[in-house]
Each structure stands twice: as C-alpha cells, then as structure tokens.
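One structure below.
Note on naming: letters A, B, ... go to the chains in the order of the sequence lines (proteins, then strands), and numbering restarts at 1 for each one.
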2 protein chains.
Amino acid sequence: MSKTKKIQLKDIAEEANVSTALVSYVLNGRHLNRIKKETADRIKEVAKRLNYRPNHFAKGLKTQKSNTIGLILADLDNPFSTQITRIIESELLSYKYNVLIGSTYEKEDKFKELIEVFINRQVDGLIILPTENSKIEIERLHSTNFPYVLMDRYFPNTSFNYIVNDNYFSTYSATKQLIKNNRKKIGFITLQSNLFHIIERKRGFIKACKEAEITTENMVKEIRLAHFDEDVAKEIDALRQEYTDLDAILFSTDRLTMYGLKYMIQHQLNITNNIEIMAVDEAKFYDIYSSPISYYKQPLEEMGQKAVQFLISKINENNSDIIQETVTGELVIK
Amino acid sequence: MSKTKKIQLKDIAEEANVSTALVSYVLNGRHLNRIKKETADRIKEVAKRLNYRPNHFAKGLKTQKSNTIGLILADLDNPFSTQITRIIESELLSYKYNVLIGSTYEKEDKFKELIEVFINRQVDGLIILPTENSKIEIERLHSTNFPYVLMDRYFPNTSFNYIVNDNYFSTYSATKQLIKNNRKKIGFITLQSNLFHIIERKRGFIKACKEAEITTENMVKEIRLAHFDEDVAKEIDALRQEYTDLDAILFSTDRLTMYGLKYMIQHQLNITNNIEIMAVDEAKFYDIYSSPISYYKQPLEEMGQKAVQFLISKINENNSDIIQETVTGELVIK
DNA sequence: TACCTTTGTTTAAACGATTAAATTAAATTG
DNA sequence: CAATTTAATTTAATCGTTTAAACAAAGGTA
C-alpha cells in the first residue's frame, strides 16, 4: 500500500544481503533450524520495515493453494444466509482462510456458473448450500475429488459430503408443539420443491398430524418460488376457506414466514389472534410481529464449525474421508 | 473440472498443433486480423472440447489484473447491505468482474484488515461502505492512487471518491412529511456516531422542525452501537416520559427501526396506534408491522451503477478523475 | 592432514500464462 | 524472378514466488 512500487522478495533480499530463497524460507518459517538466527531476524526486520506483502498470484501459482474457500449461498437476501455466512467467516478466519461469497438466488444456471467461477479462482474448497436440481452438478464436483461439503440442503442416497439439520424432526417437533397447544386445524405452508430438506419437512408435519389423528387433507400448501408473494396469499386464503376453524399455521422457511406474516397483517388476522404461528428457522423480524412466534432453531454454529473443520482437514490431508452428519436443533417457544 | 489433470494452454497447443502463443492470442481475441480463421476455429474447438479454464494465478501474475473488485460492507446482517450487494454484483457481472464480499461488522480493526486482505488478493478496485473512524485508512488508500469509491457513507471536505445519498434531505423530507400529517411531537432515534451521514440526518431532522417551529429539545436520542437493544428501549421510554403527547418517531436507519418496532410491540404501542412511525431506508420487514410505515428510499440502483461505472473506468483508463456525487431518493408513503 | 559432518546459504528450475520481437511463408510488385 | 510487402506463426523472456539440489565454510574425527 505504500505509494512507491510494490515491494517484493527480491527487494528484501537485496536490502538484507541474502538470496530470495533465504527470505522465502524465513518468511514461511521453513528450515528454521538451518538458518542463523541473526540472519533470520534481519530478514524479518527488513520485511516488516518495507511492509512486504507477498504477491498472491505468484504464491498461488507456485503452491497451487489460495487459502480461500468459496461459499455458495442459495439466497443472500435470506436472513438465514447471512447468519451462516457470519459463522463460516469467523470460523474460517481462525484457520487463516478467506471466504469468497456467492449467491445463486435459487437459480440453477447461476449455481453452475458460481462453481465454475470459484474453481477457476482456485479456491481450495467449497461450502455449498445447493439449489434445486443441482444434483448433477454436485455429482460432477464429487467425482473430481475436489474438497467440498454441503450444508443445510442435501440429497439422499448419495455419497456426498454434508452436514445438515434434521429437517424431519424440525417440523415434526414444531407440529407436536402446536398439537400440545391444543391446535387441531393446522395449515402447513411450504415450498413447491424437490429439494430433499423440503420433502423431509413435509414428512415431519404429516407424521406428527397422523400420530395425533389430525387431518392433513388440503392442509399442505406448496408455494411456487417464482410467485412467492401471490401464492402465499392465495394458499392461506384457501386454507381459511376450507377450514373456518383454522387455528395454526406452520411455515417451513423463514422467507415463507415473512410473506405469511405480511398476509396476516394485511387481513388483520393478527388482531383476532386465534391462529397460532410457528416457523422453521430463526429470524430477527419475528420480534416485530404483533404476537409471539415460536420457531425451530437449527444449530447453525455447530453446523458451521463442523463443515469448516471437515473441509480444512480434507484440504490439508487430502484424505478420502466422507462426512454425512445430521444435527438436531431445538424449539424456541415464545 | 474433469477428473483428469488440469488442462493448460500447452495441451491445447499440442492438440491443435500450434504454439501456446497462438492459443493465447485466439482465446483472448488479440491479433485476430493476423490469424487464419481456420486455425482460430480449430483452437477454439479444442479449447472447448478439453474444457479449458485459464489458471487464474498465472494469468493474474502476468497481467497484474484479477478482474475482481472487493466490496467492503459495514454490516452484512443489515438488509440494506444485502440489497447493495445484489445490485453491485449484478452490475459488475455485466463488466465480467467478480466480487469479493467482506463485512466489517462496524469494527475499525476489521476494516483495516479487510483492506489489507483485499489488496493482497490483488483486487483491481474497492467499493467501500466505511466504518466509523476509518478516515485515516481511507486517506492512506487514497494517497496510493488505488481505484476505490465510497458508497452510502463518506467524509466531508476531502477529495475522496464517493457516491452517496443526500442524507440531509432524507430526514428533512421525512420530517416535513410527518409535520404535514399534523404531527407535533416528533422523536428522532439515531445513532451515536461521528459518521457524516448520521450527522447529516440529524441536521435534516432539526432543520425541518425548526422551520415548522416544532421543538427538538430532548427529541433527538442517540443510540450506542454496542448497546443497541437496550438503548433503543431506554430512549423511547425517555421520549414518552418527557412528552406524553409524543405522536411520531423517525428512525434514522433500518436497524434502528427494527429495534424500535420491537419496542413498540413489546409495549403494545402498535395497538393504540397514535404514534406514527417513519424510517430511513427500505426494508421488507416493515410489511409485517401492524401499521404501515412510510420511509425514505435511497436510489440504490442508481448509486450502485454509478459506483461501478466509475470504478471500472478508473481501473481501465487509470485516469485521475474524481467522483463526488450526491443523489436524491424519495419518500414512500404508506 | 585428509575426510566426513554439520551448518548456513545460494543457484536455478519450476508454476502457467502473456506478449514483444523474431521468424517463416505466402502474396504482390516492378 | 528478385525484392518487397503482408500474413501467419513461433521464440523466448517475463511476472514473483517456492523449493530441490548444489555449494561453501566451519567443525569434528581418525
């Protein structure tokens, strides 16, 4: 950052009267037992004084490592995504890794493109929250033996690496709680999606209802991603018409909850207050809704830590380990 | 991404029976008038067939360009930040640039670190939403002639490059609107900060009140960043005690609005509904508050586009242009 | 003293692209 | 048809590091 030309190894070498090799060794802490302490100290002093910063390109070209990992998010606009990002970022920092963040905004082609871009940029590994229909892309990635790990979303019956939440349990326990609160007509607003975590969330809801002998007929409403706003309103309308005694709604993602609450406000359903709201995933904005919202909270810190640890060890040890872990969160009852 | 070894220029050259130079020329579209069309076509075909991806390090080392710019956000958790990010990202994409995203979470030392990291990573330029007390860092950056532009926040009486919103006008017009709505006791919740855009917002509020001969005494409440939740509650409490006829609150950022609304809900002030809420900056969550919230909307697209355009031309033409632009947003009345 | 270790340092070849300059082949001209 | 121009391609240096291997000097040993 100094105004003068960029300092490079050569400059330090000249100033300290040694070869560039020695400078490199000292600055990277190699062969230290072989190098005279005075020389090493002198080199370090000069490097510091000249404010040396290694050229990332040259270093990367030679070592084939970037000390960077790529994080592919499904949708950066989602509060869930920024939470994950924050955790991954701080976790990676402790390993001296940097993060490249990308968001697919739930678009398949953007997903493919991001993997390309990141690999071209020579990231050392990838943490991926996959988009719908991205299985083929991930299969390809998997087969190249490139270090990666899926988070949040995954595909069943594969040998992919993943760390995910127990999605079945999330809605199962949330629904159980509603039932415990004496709710009998529970609507479930979820996404129209073949993403496995969404399928699992649906299964959890249905199972809990079945066990309590509560009807699920017409109770599950699936929202098209491309018509979010409109569909949420339409489907809640439908629920209310089919069941005038509707007494609870479970939303399967925080974004759905957002639009659901907006509907409730618009129709002033928040005032009568006889429809209990329950959500999957935490979000700050729940606090400004006029009645309390309970939710299922994923253990994000745990997931983030495990993902990063796995990835780093995979990168450094180049082993053939596979990780497939499902972690369990908890209900937060308001 | 193929399972076999990485394809490089040399491989294409061999396969196509030409030198690597020619391959490079063709793939980069140089000297095209000099190169036989058949040869060029053959090279392109081979490159495509072998799925060639240039090595980013080698390319960068030689060209001293990364085609990447760094985006330094003040706080990624802020909805405002993800909006900006989305706009910058898509705008840069059209110039074939990638974005490195970083968030300082409003910490000075993190800010300094991020600039270091990004410059070490050889980004070609920086878009910066600066943190408090970062003026010295930016001065240093500015003096190196490194391409950068500030957004959203800036420092007065400098020759820094910036594109910002008219912050004075934002609160001035918002306050005017409240007055027009017949509000007489207006509280202003803002940040305790020496960031110029915050100072300007305060000035705008006070000016509008003065013009309407409305008291501002004890009406401006400043929240400490480190005690957000607690301070917001405390200060609104104070306002209500000092003025039992408090009839409006203007929040100077979306995050403040978030906590303010939370307070309103907790104290059920949303029900009586006689305190009008007005905000600076747009946010989706306004929709789930039980009464409509008007707000001042910054022209983010315009700002993002201008910032990117300036930066790109600065990078490519290495000129000595300076940009200092203030753009004006509008009130969105609900 | 001659030889072997150990210590401390340097030499020089990579890494994979770009690009100015050189070279060769083909076309044009007088 | 030799000379010249133009077209097409190659050679080789370079970017700034890392690192195996070579080397030199000093110390130890028999």
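- Residues Lys37(A) and Gln8(B) both approach DNA chain C. Their nearest nucleotides, taken by heavy-atom distance, put Lys37(A) toward the 5′ side.
- For the pair Arg153(B) and Phe196(B), the cation-pi criterion (under 6.0 Å, within 45° of the ring axis) is not fulfilled.
- Here the side chain of Ser24(B) is nearest to one of dT19(D), dC15(D), dT18(C), namely dT18(C).
- With rounding to whole Å, Lys62(A) atom NZ is found 9 Å from dA20(D) atom P.
- A close approach under 4.0 Å does occur between a side-chain nitrogen or oxygen of Gln64(B) and OP1 or OP2 of dG16(D).
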Practice task
Quick one: do Thr326(A) and Asn165(A) satisfy side chain to side chain contact (heavy atoms under 4.5 Å, CB included)? Show the steps, please.
Solution key: CA-CA 5 Å; Thr326(A) 303; Asn165(A) 167 54; over 6 Å; no
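- The backbone N or O of Thr20(B) sits nowhere less than 3.5 Å from a side-chain atom of Ser24(B) that would complete a donor-acceptor pair.
- The side chain of Lys59(B) lies closest to dT18(C), out of dT9(D), dT19(C), dT18(C).
- In this entry the distance linking CG of Asn33(B) with P of dT9(D) reads 13 Å, nearest Å.
- Closest contact between the side chain of Arg34(A) and the listed nucleotides dT17(D), dT19(D), dG8(C) involves dG8(C).
- Panel note: side chain Gln305(A), backbone Glu91(A); no donor-acceptor pair is recorded below 3.5 Å.
- Checking dT17(D), dT11(C), dT18(C) against every side-chain atom of Ser19(A), the shortest atom distance belongs to dT11(C).
- In this structure, Phe57(B) atom CZ and dT18(C) atom C1' are separated by 17 Å, rounded to whole Å.
- Side-chain N/O atoms of Lys36(B) and base N/O atoms of dA8(D) include no donor-acceptor pair closer than 3.5 Å.
- Across all strands shown, Tyr25(A) has heavy atoms under 4.0 Å from base atoms, whether or not it also approaches the sugar-phosphate.
- Side-chain proximity of Ala21(A) to dT18(C), dA12(C), dG16(D): nearest is dA12(C).
- Separating the NZ atom of Lys10(B) from the P atom of dG16(C) is a distance of 7 Å, rounded to the nearest angstrom.
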